[in-house]
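For reference, the structure is listed below as structure tokens.
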Amino acid sequence: MKNREKTKLEALRNIKKVLIEAKSSKDANAELDDQEVTKVIQKLAKQGKDSANLYKEQGPSGFI
């Protein structure tokens with residue numbers, strides 16, 4: 001945050017948001033174990049890779 005690295009900060013905030021959503025959808029006072037957190041992060045990584053590949057295939061003009 002102090003270095004003002006906007007891209008990294010947005011990524012971390014997104015991960016935090018998704019983890020909070022996963023925790024609240026599972027149970028109000030349940031905690032996510034390491035395995036569940038890993039699955040969530042892997043899912044986000046896969047979504048990011050898929051989005052990047054789609055962007056590369058269609059190019060910037062395909063997302064207008």
Side-chain angles (χ1 to χ4, degrees):
M1 288 181 154
K2 290 181 180 181
N3 293 337
R4 306 225 187 255
E5 296 180 45
K6 186 176 180 179
T7 306
K8 290 180 183 180
L9 185 58
E10 287 178 10
L12 291 172
R13 285 183 175 154
N14 186 41
I15 291 169
K16 181 180 177 184
K17 175 188 73 95
V18 172
L19 289 174
I20 290 171
E21 289 172 355
K23 179 182 172 185
S24 64
S25 70
K26 184 175 180 182
D27 211 354
N29 37 346
E31 291 291 323
L32 297 175
D33 62 11
D34 290 344
Q35 188 177 18
E36 292 169 323
V37 171
T38 302
K39 284 181 184 179
V40 169
I41 293 173
Q42 287 174 340
K43 181 180 175 183
L44 288 171
K46 184 181 182 312
Q47 287 175 347
K49 288 178 186 177
D50 292 345
S51 295
N53 288 335
L54 185 61
Y55 181 81
K56 287 177 185 176
E57 289 173 8
Q58 294 184 357
S61 60
F63 284 93
I64 294 178

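Numbering of residues begins at 1 and proceeds along the displayed sequence.
- We find the CD-CG distance between Glu5 and Leu12 to be 10.0 Å, quoted to the nearest 0.5 Å.
- One N or O on the side chain of Glu36 and one on the backbone of Asp33 form a donor-acceptor pair closer than 3.5 Å.
- Looking only at side-chain heavy atoms (C-beta outward), Asp50 and Lys46 come within less than 4.5 Å of each other.
- Atom CG of Asn53 has more than 12 neighbouring heavy atoms from other residues, nucleotides or ligands inside a 6.0 Å radius.
- If you take CZ on Arg13 and CD1 on Ile15, they are separated by 13.0 Å, rounding to the nearest 0.5 Å.
- Contact of the Val37 side chain with the Ile41 side chain is registered, since non-hydrogen atoms from C-beta on lie closer than 4.5 Å.
- One distance of note links NZ of Lys43 with OG1 of Thr38; it measures 14.5 Å at 0.5 Å rounding.
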Does the side-chain contact (heavy atoms from CB on, under 4.5 Å) test come out yes or no for Leu44 and Gln47, once each step is laid out? CA-CA 5 Å; Leu44 288 171; Gln47 287 175 347; 3.7 Å; yes
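- Contact of the Ile20 side chain with the Lys17 side chain is not registered, since no non-hydrogen atoms from C-beta on lie closer than 4.5 Å.
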